[in-house]
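Lettering of chains follows the sequences in order, A, B, ..., and the numbering in each one begins at 1.
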Number of protein chains: 2
Amino acid sequence: MQRLPAGAAAASPPKGQADRSKMTPGARAWNLMFEILRASKPFMETVAGEFDLTPQQLYALRNLSTERAVTMSEFATLLGCDASNVTAVADRLEARGLCERRSAASDRRVKALVLTPAGIELYGRVAERMQQPPPAIDNLSVADQNELGDLLERALNSL
Amino acid sequence: MQRLPAGAAAASPPKGQADRSKMTPGARAWNLMFEILRASKPFMETVAGEFDLTPQQLYALRNLSTERAVTMSEFATLLGCDASNVTAVADRLEARGLCERRSAASDRRVKALVLTPAGIELYGRVAERMQQPPPAIDNLSVADQNELGDLLERALNSL
DNA sequence: TATTGTTATACTCTATAACTATA
DNA sequence: TATAGTTATAGAGTATAACAATA
């Protein structure tokens, strides 16, 4: 292992992140969005932890409906991961008593997830807690939050 | 396992996601930002895969400077994870020949990461590739991208 | 034969706690 | 004693491939 000159670590700017002044407008917006997400990670972990869930489990719970069953393959699509994966995700939620598998009468290969009463109750508490956004968003004025929402809605609807 | 009535899965709206019409402006903006990130996951995996990296490894590479060494503890802060974790992250980048550890002359406990020539070369190619944002952002007009960037910059700078 | 979901397997990412070597 | 980094360990999340049950 080579040596580093003494004091070399303090020679340049304090952060190692990318220089946004050289980016295209789209790349700049994307980079900022990504950095806000990274900065909000502790917030997300804290919120999920309040319900004794991991961030992924909280997201999974939010993707189960209170009104209809979600098949395993639909669940995989909603979560954006492989079908082999959602088995374990569903297992962990089921072990917590938040949802259960039901087999479909029309096709006995299909299994669907429905929230249990405990799952519905937790879903509601989570939804209420999610009214509070992380600091980066919360610090904006309501006018800015609305404008941001409009722009992001346009972006999401363009897909 | 209980039975699900035939056809029940088609009774309600097609998606299981949260209803944004009942959210506060901040919660709505946050939810939309999060959904755009989820939708952009395949894009991020594809881009990282083009360089034979995982998304996390690509982000780690982007947080190494081309101009100064980054200590392991700084690296942990930049990546937002525990110090015990960055050892393995650095190991994998080092195994790829992208960076190497140097011991600081001033304090021999400290180890810092510097990019190798191969790491600097890949860093540059990654930075160029990152000029292309994911579809959700790319589909916006340049005016919208700039406005979005300004709002997000305000949000990030508020932290 | 094709499809739905599961299991087996393996790797990345993550944290906690114990450890080494410096300071 | 305290700090920087590592190692040991464990668990969540992820994908690929092989498998069972059903269609």
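Residue B:Ser84 is classed as a base contact, given a heavy-atom separation below 4.0 Å to a base.
Under the 4.5 Å side-chain heavy-atom criterion for Ile, Leu, Val, Met, Phe, Trp and Tyr, B:Leu151 and A:Met23 are members of distinct hydrophobic clusters.
As a whole-Å value, the separation of A:Asn85 CG from C:dC13 P is 15 Å. Rounded to whole Å, the distance from CZ on B:Arg101 to C1' on C:dA21 is 15 Å.
Of all nucleotides listed (C:dT4, C:dT6, D:dG13), C:dT6 comes nearest to the side chain of A:Ala83. Of the listed nucleotides (C:dT22, C:dA15, D:dT14), C:dA15 has the atom at the smallest distance from the side chain of B:Asp82. Set against D:dT6, C:dT6, C:dT22, the side chain of B:Arg109 has C:dT22 as its closest nucleotide. For A:Arg92, the listed nucleotide lying nearest its side chain is D:dG13; candidates were D:dA15, D:dT6, D:dG13.
Between the side chain of A:Arg108 and the base of D:dT22, no donor-acceptor pair of N or O atoms lies under 3.5 Å.
Residue-to-nucleotide proximity on DNA chain C shows that, of A:Lys41 and A:Ser73, the 5′-proximal contact is made by A:Ser73.
Of the charged side-chain nitrogens involved, none lies within less than 4.0 Å of a carboxylate oxygen, so that A:Glu35 and A:Arg20 do not count as a salt-bridged pair.
Residues B:Gly97 and B:Thr116 share a closest heavy-atom pair of O-OG1, 2.6 Å.
Distance alone, capped at 3.5 Å, places no donor-acceptor pair between the B:Thr66 side chain and the B:Ile120 backbone.
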